[in-house]
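Report on one structure; see the data block that follows.
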2 protein chains.
Amino acid sequence: MEQRIERIKKQLHSQSYKLTPQREATVRVLLEHEEDHLSAEDVYMLVKEKSPEIGLATVYRTLELLTELKVVDKINFGDGVSRYDLRKEGATHFHHHLVCIDCGSVDEIQEDLLGEVEAVVEQRWNFIVKDHRLTFHGICHRCSGKEKPEKENPENNG
Amino acid sequence: MEQRIERIKKQLHSQSYKLTPQREATVRVLLEHEEDHLSAEDVYMLVKEKSPEIGLATVYRTLELLTELKVVDKINFGDGVSRYDLRKEGATHFHHHLVCIDCGSVDEIQEDLLGEVEAVVEQRWNFIVKDHRLTFHGICHRCSGKEKPEKENPENNG
DNA sequence: TATAGAATTTATAATGATTCTAAAGTAAGA
DNA sequence: TCTTACTTTAGAATCATTATAAATTCTATA
């Protein structure tokens with residue numbers, strides 16, 4: 001945890017931004033909730049627990065900054081709010097999501113399954129792929145009664 | 001055009017909705033701008049040209065209804081507005097998009113490139129895929145100076 | 001240490017997309 | 001024609017997000 005904060009700090013410094021206490025508090029919340037998909041409001045409320053004096057606008061500004069630095073990814077599942085998702089360290093691509101239309105859960109796929117598809121897109125559409133967003137909508141293993149997949153969140157094979 | 005409207009009318013009727021003049025005007029705008037990715041406001045302004053008395057709320061309600069019936073897909077490219085995209089007739093999946101981070105253009109891919117990926121997801125994650133959203137961000141052929149792809153919008157091979 | 005200047009935060013107001021509400025309009029059946 | 005349910009309109013309300021102005025903090029330098 002401390003190491004990751006240290007590295008994010010360096011990343012900020014490299015663009016002449018500072019890791020202020022408010023920004024650090026925000027980053028800590030994101031790290032502590034790595035599995036979740038928090039909205040700005042969610043983050044705000046969690047940050048407030050430990051740093052009650054922080055303002056909502058600051059949280060928004062920090063999240064925007066972190067998005068710019070590609071520390072987090074901003075995503076939208078169509079429910080009217082943006083959500084912020086920490087990138088796995090070293091990951092160069094945006095991970096994928098499984099949204100359950102039954103219970104609303106959101107699981108992550110860290111593996112990059114799009115290698116071949118991107119090659120096709122680059123060749124056939126002459127489009128230089130820089131990033132992607134892929135979300136599947138369907139029924140999760142919990143709702144379908146199927147067994148839990150062996151590795152639901154594999155550590156670092158993206 | 002008339003045939004498609006007729007079919008959409010039937011689809012509405014099958015759920016005991018009516019194709020009111022306002023709804024029809026909205027559908028016509030969508031059909032006339034099939035290649036575009038219109039926001040609710042865009043649709044509103046286009047509908048007003050021919051039916052000036054229509055209200056914005058009606059357009060919103062109609063788009064919501066059409067989304068429910070899967071006549072259109074509601075998408076979000078991260079620019080703060082929802083956009084509405086007519087489904088190709090017979091298409092069972094949501095088509096893909098190529099968003100240029102340079103000029104902002106949005107091109108479509110009708111082909112379903114995700115067959116294998118979905119099979120992997122179903123098997124490895126025990127997730128029953130019902131639909132998907134796939135958007136690539138990158139540089140389009142116009143901005144990169146590459147030649148235009150042979151078939152930019154293939155007719156109906158999705 | 002004092003001080004100027006830049007960056008940052010706070011609190012609040014403003015914006016803009018979307019949804020809600022109440023009243024009026026419309027269509028279909030008895 | 002009367003009744004009932006559905007639909008639309010206009011405008012108000014809501015909610016997420018962004019902008020603003022004043023206050024605060026940090027940094028560098030004298």
Side-chain angles (χ1 to χ4, degrees), chain A residues 8-29 37-69 71-85, chain B residues 8-29 37-69 71-85:
Chain A
I8 290 169
K9 186 173 180 174
K10 278 189 190 140
Q11 235 180 312
L12 283 163
H13 285 170
S14 77
Q15 312 266 341
S16 37
Y17 293 114
K18 296 169 218 164
L19 186 64
T20 63
Q22 292 90 337
R23 285 175 184 165
E24 183 174 334
T26 305
V27 169
R28 279 183 191 279
V29 162
H37 301 85
L38 304 173
S39 67
E41 194 83 24
D42 293 338
V43 174
Y44 174 59
M45 292 200 296
L46 288 165
V47 174
K48 280 209 108 168
E49 288 176 8
K50 294 190 175 166
S51 311
E53 67 307 326
I54 202 168
L56 178 57
T58 301
V59 171
Y60 268 102
R61 251 179 287 113
T62 302
L63 290 171
E64 194 188 339
L65 183 59
L66 293 172
T67 303
E68 218 175 282
L69 295 177
V71 172
V72 303
D73 286 315
K74 187 174 178 182
I75 33 176
N76 200 301
F77 292 126
D79 59 349
V81 292
S82 294
R83 296 179 180 281
Y84 298 85
D85 216 354
Chain B
I8 290 170
K9 186 173 181 175
K10 279 190 189 140
Q11 234 180 315
L12 282 163
H13 285 170
S14 76
Q15 311 267 339
S16 39
Y17 292 113
K18 294 170 218 162
L19 185 63
T20 64
Q22 291 89 339
R23 285 174 184 164
E24 184 175 332
T26 305
V27 170
R28 280 184 189 276
V29 162
H37 301 83
L38 304 173
S39 66
E41 195 82 26
D42 293 338
V43 174
Y44 174 58
M45 292 198 300
L46 288 165
V47 175
K48 279 210 108 167
E49 289 176 9
K50 294 192 177 166
S51 310
E53 66 309 328
I54 202 168
L56 178 57
T58 301
V59 171
Y60 268 103
R61 251 179 288 113
T62 302
L63 290 171
E64 196 189 337
L65 182 59
L66 294 172
T67 303
E68 219 174 283
L69 296 176
V71 172
V72 304
D73 285 316
K74 186 176 178 180
I75 33 175
N76 199 302
F77 293 126
D79 60 350
V81 292
S82 293
R83 295 178 180 282
Y84 299 85
D85 216 352

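Only heavy atoms go into these numbers, but all of them, side chains included; no hydrogens, no water, no symmetry mates. Below, chains carry the letters A, B, ... as their sequence lines are ordered, and counting in each starts from 1. Keep in mind that this is a model prediction, so the values were computed, not measured.
- As rounded to whole Å, 5 Å separates atom P of D:dT7 from atom NZ of B:Lys18.
- One axis for each end of the helix from C:dT1-D:dA30 to C:dA30-D:dT1, each built from five base pairs, and the angle between them comes to 10° at 10° resolution.
- Applying the salt bridge (Lys or Arg N to Asp or Glu O under 4.0 Å) rule to pairs touching residues 43-69 of chain A yields A:Glu32-A:Lys50, sequence neighbours excluded.
- Closest approach of B:His37 to B:Arg83, counting heavy atoms only: O-NH1, 2.8 Å.
- In this structure, the side chains of A:Asp42 and A:Val81 stay at 4.5 Å or more apart for every pair of heavy atoms.
- Around the OH atom of B:Tyr17, the shell of radius 6.0 Å holds no more than 12 heavy atoms that belong to other residues, nucleotides or ligands.
- Taking atom NE2 of B:His13 as the reference point, atom P of D:dT7 lies 10 Å away to the nearest angstrom.
- Once rounded to the nearest 0.5 Å, the distance linking OG1 of A:Thr58 with CZ of A:Arg23 reads 9.0 Å.
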task: Do nucleotides 8-24 of chain D as a string where each nucleotide becomes B, S or -: B if the base has a protein heavy atom under 4.0 Å, S if just the sugar-phosphate does, - if no protein is that close.
output: BBBB----SBBB-----
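- Distance check: A:Arg28 CZ to A:Glu24 CD gives 4.5 Å after rounding to the nearest 0.5 Å.
- Across A:Val72 and A:Tyr84, no two heavy atoms sit closer than the pair CG2-CD2, 4.2 Å.
- Rounded to an integer number of Å, the gap from B:Leu63 CG to D:dT7 C1' is 16 Å.
- Scanning all heavy atoms of the two residues, the minimum distance from A:Val47 to A:Thr26 falls at CG2-CA, 3.8 Å.
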